[in-house]
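Basis for what follows: all heavy atoms, side chains included, without hydrogens, waters or symmetry-related copies.
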Amino acid sequence: QVQLVEFGGGSVQAGGSLTLSCAASGLPFSTYTMGWFLQAPGKEREFVATITGNGGSTDYADSVKGRFTISRDNAKNTVYLQMNALKPEDTGIYSCRAGVRSGLTIAWGQGTRVTVSS
């Protein structure tokens with residue numbers, strides 16, 4: 001079965017850093033685009049970053065450009081989100097997603113919570 005499990009969430013002070021990990025199993029990992037999404041308190045889930053199967057292309061929400069970096073290690077079936085210069089508005093549940101070019105979602109992780117205090 002396909003499973004995505006996120007790690008690395010926690011509480012940090014504004015300006016701090018966290019690195020999230022998402023470990024995938026049950027799918028040919030390198031085939032899929034991987035992404036990170038944020039559900040902030042009181043908001044709908046929104047796009048944060050994506051990376052193509054071979055890591056050759058990345059995309060970021062404007063709000064995180066220059067601060068967050070998405071990467072993947074296909075040998076470890078893991079995608080990462082390095083978050084720097086964190087802001088209170090970055091607070092929420094970060095979920096990992098496996099998808100395809102059509103936009104179809106293959107799997108979601110359960111999410112990991114990030115809290116950034118001012």
Side-chain angles (χ1 to χ4, degrees):
Q1 64 181 31
V2 177
Q3 187 173 24
L4 304 176
V5 181
E6 300 94 338
F7 299 93
S11 297
V12 297
Q13 191 169 328
S17 299
L18 284 174
T19 299
L20 308 182
S21 301
C22 172
S25 61
L27 78 169
F29 183 70
S30 64
T31 301
Y32 297 102
T33 293
M34 301 298 298
W36 288 97
F37 291 75
L38 167 66
Q39 187 167 17
K43 304 292 185 180
E44 294 186 351
R45 182 181 286 168
E46 63 183 18
F47 162 79
V48 174
T50 57
I51 186 167
T52 53
N54 66 355
S57 182
T58 58
D59 194 20
Y60 298 91
D62 287 344
S63 61
V64 306
K65 287 180 179 176
R67 299 189 298 120
F68 290 11
T69 302
I70 188 170
S71 62
R72 66 194 296 161
D73 186 341
N74 286 348
K76 297 181 178 179
N77 288 354
T78 301
V79 62
Y80 306 93
L81 185 68
Q82 182 180 341
M83 305 184 293
N84 301 132
L86 283 161
K87 303 175 181 179
E89 51 263 46
D90 297 321
T91 292
I93 298 173
Y94 285 79
S95 297
C96 178
R97 172 187 177 270
V100 295
R101 294 186 184 276
S102 67
L104 178 67
T105 296
I106 303 302
W108 285 100
Q110 291 186 314
T112 185
R113 181 175 293 277
V114 171
T115 301
V116 184
S117 60
S118 60

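Heavy atoms only, all atoms of each residue included: Val2 and Ala107 are closest at CG1-CB, 3.3 Å. Here the closest non-hydrogen pair linking Ser95 and Arg45 is OG-NH2, 3.8 Å. When all heavy atoms of Ile51 and Ser71 are compared, the closest pair comes out as CD1-CA, 3.7 Å. When all heavy atoms of Ala85 and Ser17 are compared, the pair lying nearest together is N-OG, 4.3 Å. Contact record, Ala24 with Leu4: CB-CD2, 3.4 Å, taken as the closest heavy-atom pair. A pairwise comparison of heavy atoms in Met34 and Cys96 identifies CE-SG, 3.5 Å as the closest pair.
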Take Met83 and Asp90 through the test side chain to side chain contact (heavy atoms under 4.5 Å, CB included) and record every step on the way to the result. CA-CA 9 Å; Met83 305 184 293; Asp90 297 321; 5.9 Å; no
Evaluate side chain to side chain contact (heavy atoms under 4.5 Å, CB included) for Val100 paired with Tyr32, printing each intermediate quantity in order. CA-CA 6 Å; Val100 295; Tyr32 297 102; 3.6 Å; yes
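In terms of modelled atom types and a separation under 3.5 Å, the side chain of Arg72 and the main chain of Phe29 share a donor-acceptor contact. For the pair Thr91 (side chain) and Val116 (backbone), a donor-acceptor distance under 3.5 Å is present. Between the side chain of Gln39 and the main chain of Gly92, no donor-acceptor pair closer than 3.5 Å is present. With hydrogens and angles ignored, the 3.5 Å screen pairs a side-chain donor or acceptor of Glu6 with a backbone N or O of Gly111. Of the possible donor and acceptor atoms, none in the side chain of Tyr60 sits under 3.5 Å from a partner among the backbone N and O of Gly66. The main-chain N or O of Ser57 is found under 3.5 Å from a side-chain atom of Thr52 such that the two form a donor-acceptor pair. Judged purely by atom type and a 3.5 angstrom limit, Asn74 has no side-chain atom pairing as donor or acceptor with the backbone of Asn54.
Residue Asp73 holds its CG atom at 6.5 Å from OG1 of Thr78, rounded to the nearest 0.5 Å. For the atom pair NZ of Lys87 and OG of Ser118, the computed distance is 13.5 Å after rounding to the nearest 0.5 Å. With rounding to the nearest 0.5 angstrom, the CG atom of Leu81 is 11.0 Å from the OG1 atom of Thr112. To the nearest 0.5 Å, the span separating CZ on Arg67 from CG on Leu86 amounts to 6.5 Å. For the atom pair Leu38 CG and Glu46 CD, the distance stands at 5.5 Å (nearest 0.5 Å).
Note: the hydrophobic cluster containing Val114 does not contain Phe37 (ILVMFWY, side chain heavy atoms under 4.5 Å, direct or indirect links). Side-chain heavy atoms closer than 4.5 Å link hydrophobic residues (I, L, V, M, F, W, Y) into clusters, and following such links, even through other members, never connects Ile93 to Leu20. Under the 4.5 Å side-chain contact rule for hydrophobic residues, Leu104 and Trp108 do not share a cluster.
Salt-bridge formation is detected for the pair Lys65/Asp62: a Lys NZ or Arg NE/NH1/NH2 atom is positioned less than 4.0 Å from an Asp or Glu carboxylate oxygen.
Each of Tyr94, Phe47, Phe68 was compared with Trp36 under the side chain to side chain contact (heavy atoms under 4.5 Å, CB included) criterion, and only Tyr94 meets it.
Around the CD atom of Glu89, the shell of radius 6.0 Å holds more than 12 heavy atoms that belong to other residues, nucleotides or ligands.
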